[in-house]
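Since the structure comes first, as structure tokens, the remarks are kept for the end.
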Protein chains: 2
Amino acid sequence: MSPISKDMIRISRQADYGLLLLGCFAKVPERATFSARELADQSHAPLPMVSKVLKLLTRASLLESTRGAHGGYRLTRPPESVTVGEIIVACDGPISVTECAPDEPTTSNCAQEPFCPVAGSWQRLNDAIRDALDRVTLAEMTCPVADPVESFSGNEGPADV
Amino acid sequence: MSPISKDMIRISRQADYGLLLLGCFAKVPERATFSARELADQSHAPLPMVSKVLKLLTRASLLESTRGAHGGYRLTRPPESVTVGEIIVACDGPISVTECAPDEPTTSNCAQEPFCPVAGSWQRLNDAIRDALDRVTLAEMTCPVADPVESFSGNEGPADV
DNA sequence: GGATATCGGACTCAAGCGGTCCTATATCCT
DNA sequence: AGGATATAGGACCGCTTGAGTCCGATATCC
């Protein structure tokens, strides 16, 4: 199975689901709230997984939930202001391109940090990717033919990789 | 333990080593060739792993090798023209942000492709990341304080991944 | 021919991801 | 009040797959 070539820099399936689910919200603006079951149906994803991801998105306050009968989830912000980066972070935790990234100096688990010739540069790489991810919004992702941002190739300043 | 937060969009350790090793080359321009053992010492990485990664880099023709006694590896191109994207691809295969990315139409293993609200948008995300990764060169990574600046527009061939 | 390298695999081990399930809690309806 | 319906928050498990090792074959120098 899976004839797909190994992909690096991969996004976890959870985040994938997250994007998919939020996409469901964004696609039907008139509908405000959906239950987990409804979303599972719409997204053709297994209910338990959908449920799990919805919880994550809620904890990250990308969604808000109401319990009980006729409960469900709804977006807390318009799709235009939700970035893909946020969604991924919500589902999988902080985005970092390598373990070397010293978010906290105490946790420098990289044995060769003193010798590492590419020490500080990871940070810039991380920033570059984070940046790319934060440039794309949920609204743009759901937009069918999508002509968002011209920033991809001709991009402006922040290219400071 | 592992106080390190989970990192998504992670780069494999192999690619990490790849970058580290190529960094060794870039740091000592006068030295042309290194043996696997030398590099293992310099990079403080386990020899078998170093060896493995060097093979990968060679297959991708980022390095060229000479066998036999006094053999070793050397860069095929100046560090300024080698991109981080290339290195990652060399070590881990094609860069793709999700399995959905349909490189080949035949391999659409994504069950909900017909329904997927974010179908085509993955491609743009992929491009954005690839782009970010190809903007950073090996030379820039090794540059200590790194003030890469104009090398962006300055350099030639985009070094197609 | 022997020493030293790389080359190209196969192989093992363990972490972590994908996925499920169960119990507690909150809300609506009758 | 009580039942039905939802979410909240865990624990739990199997299996993939990445990290790392090792070995035999080949090529080169002395």
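As a basis for the values below, the full set of heavy atoms in this structure was taken, side chains included, without hydrogen atoms, waters or symmetry mates. On a predicted model such as this, the values are computed, not experimentally measured, just so you know.
- Rounded to whole Å, atom P of dG16(C) lies 14 Å from atom CD of Gln14(A).
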Provide a list of protein-nucleic acid N or O atom pairs under 3.5 angstrom, restricted to nucleotides 10-16 of chain D.
none

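- For Arg59(A), there are no side-chain hydrogen bond (donor to acceptor under 3.5 Å, both in side chains) partners at least two apart in sequence or on another chain.
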> Checking side-chain contact (heavy atoms from CB on, under 4.5 Å) for the pair Val28(B)/Phe34(B): CA distance, chi angles, key distance, verdict?
Replying inline: CA-CA 10 Å; Val28(B) 191; Phe34(B) 293 88; 4.2 Å; yes
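- The backbone N or O of Leu39(B) sits less than 3.5 Å from a side-chain atom of Ser43(B), completing a donor-acceptor pair.
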> Between His70(A) and Thr33(A), does a side-chain contact (heavy atoms from CB on, under 4.5 Å) hold up when you go through it step by step?
Replying inline: CA-CA 9 Å; His70(A) 303 130; Thr33(A) 92; over 6 Å; no
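- Formation of a donor-acceptor pair under 3.5 Å by the Thr76(A) side chain with backbone atoms of Ser61(A) is found in this model.
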>> Between Thr83(B) and Leu133(B), is the side-chain contact (heavy atoms from CB on, under 4.5 Å) condition met? List the steps.
In response: CA-CA 7 Å; Thr83(B) 72; Leu133(B) 254 24; over 6 Å; no
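- Here dG20(D) presents its P atom at 12 Å from CG of Asp92(B), a figure rounded to the nearest Å.
- Closest approach of Asp92(B) and Gln14(B) over heavy atoms only: OD1-CB, 3.7 Å.
- At the phosphate of dG18(D), neither OP1 nor OP2 sits under 4.0 Å from any side-chain N or O atom of Tyr17(B).
- The interatomic distance linking Leu57(B) (CG) with dC7(C) (C1') rounds to 14 Å, in whole Å.
- Scanning residues 32-41 of chain B for heavy-atom distances under 4.0 Å to DNA chain C yields Ser35(B), Ala36(B).
- Scanning for side-chain contact (heavy atoms from CB on, under 4.5 Å) contacts around Ser81(A) gives Arg77(A), Pro78(A), with sequence neighbours left out.
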>> Set out, in order, the CA-CA distance, both residues' side-chain angles and the distance that settles side-chain contact (heavy atoms from CB on, under 4.5 Å) for Phe25(B) and Leu138(B), then state yes or no.
In response: CA-CA 10 Å; Phe25(B) 285 94; Leu138(B) 175 58; 5.9 Å; no
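- Within residues 60-70 of chain A, the residues approaching DNA chain D are Ser65(A), Thr66(A), Arg67(A), Gly68(A), Ala69(A), by heavy-atom distance under 4.0 Å.
- Considering all non-hydrogen atoms of both residues, Ile87(A) and Gly18(A) come closest at CG2-C, 4.0 Å.
- Between Leu20(B) atom CG and dA19(D) atom P the separation is 14 Å, expressed in whole Å.
- Put simply, CE on Met49(B) is 13 Å from P on dC22(D), counting in whole angstrom units.
- Atom OH in Tyr73(B) sits roughly 12 Å away from atom P in dA5(C) (whole-Å rounding).
- Protein atom CG of Leu56(B) is 12 Å distant from nucleotide atom P of dG9(C), rounded to whole Å.
- Nucleotide dA8(D) holds its P atom 9 Å from the CG atom of Leu54(A), rounded to whole Å.
- Partners of Asp41(A) under the side-chain hydrogen bond (donor to acceptor under 3.5 Å, both in side chains) rule, at least two apart in sequence or in another chain, do not exist in this structure.
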